[in-house]
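When a ligand or atom number is given, it counts from 1 through the structure's own listing order.
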Amino acid sequence: MFDIYDLTQKDPKSLQERALKLAEEAGELAQAVLSVTKAPGSEYKAHSLGDVREEAVDAAIVALSILAQASSSREDFDAELDRLMVLKCSKWQEKLSE
Ligand SMILES: [Mg+2]
C-alpha cells in the first residue's frame with residue numbers, strides 16, 4: 001500500500017485546499033453514480049461502475065490525506081485512523097441493529 005501520511009507531507013496543499021478537493025471528488029463520485037443509475041439528465045454521460053469505484057477511491061484518498069494533515073505525527077495519524085474507524089463503524093453497526 002502507499003503511504004498516505006508520507007504523500008501528504010510531500011504535497012504542499014493547505015487543509016482548505018484538501019477540503020475543497022474532497023468536495024470536488026465527492027461531486028465526481030455523485031456524477032458517476034447519477035450516470036450509472038440513469039438518473040434523469042445524467043444517463044448520457046455513460047459512466048460505468050468502474051468509474052464509481054475510481055471516484056470512491058479518489059474521495060477516500062483525499063479524506064485520509066485530510067486526516068493525515070490534521071494529525072501531529074505519523075503515530076497520531078495511525079492511532080486516530082484506528083480509533084476513529086472502530087468508533088464510527090461500531091456506531092454504524094449499532095444503528096443497523098436497532
Ligand atoms: Mg476523481
Side-chain angles (χ1 to χ4, degrees):
M1 281 297 272
F2 290 95
D3 186 335
I4 298 278
Y5 186 83
D6 189 50
L7 288 168
T8 301
Q9 298 305 307
K10 288 175 178 159
D11 183 335
K13 283 190 192 72
S14 69
L15 199 53
Q16 283 187 7
E17 287 166 340
R18 283 187 219 283
L20 283 172
K21 186 73 186 165
L22 179 58
E24 181 189 11
E25 294 300 348
E28 290 172 2
L29 176 58
Q31 189 178 54
V33 169
L34 287 169
S35 169
V36 159
T37 57
K38 308 213 179 314
S42 298
E43 58 277 67
Y44 71 93
K45 289 173 184 156
H47 283 91
S48 65
L49 277 177
D51 295 318
V52 171
R53 291 194 294 271
E54 200 172 311
E55 297 304 343
V57 170
D58 281 349
I61 288 171
V62 179
L64 285 170
S65 177
I66 290 170
L67 177 66
Q69 190 160 0
S71 300
S72 54
S73 65
R74 173 186 300 279
E75 292 67 34
D76 186 33
F77 169 69
D78 289 341
E80 281 293 88
L81 179 56
D82 284 351
R83 183 184 73 81
L84 290 168
M85 284 297 267
V86 168
L87 179 71
K88 299 295 181 173
C89 286
S90 54
K91 276 187 183 170
W92 183 13
Q93 198 167 40
E94 272 171 38
K95 238 344 187 213
L96 291 174
S97 26
E98 279 171 6

Residues R18 and T8: closest non-hydrogen pair is NH2-O, 3.3 Å
Sorted by chain and number, protein N/O/S atoms nearer to the Mg ion (ligand 1) than 2.8 Å are E25 OE1, E28 OE1, E55 OE1, D58 OD2
(message) Under a 3.5 Å distance rule, please check whether S65 uses its side chain to pair with a backbone N or O of I61 as donor and acceptor.
(response) no
Walk me through it: do D78 and R74 pass the test salt bridge (charged side-chain N to carboxylate O under 4.0 Å, His left out)?
CA-CA 6 Å; D78 289 341; R74 173 186 300 279; 5.5 Å; no
Inset, instruction - Inspect the contact between K21 and E17 and indicate whether a charged nitrogen and a carboxylate oxygen are less than 4.0 angstrom apart. - result: no
Donor-acceptor pair, E55 side chain versus V33 backbone, under 3.5 Å? no
Fill in: Check: S48 main-chain N/O paired with D51 side-chain donor or acceptor under 3.5 Å
yes
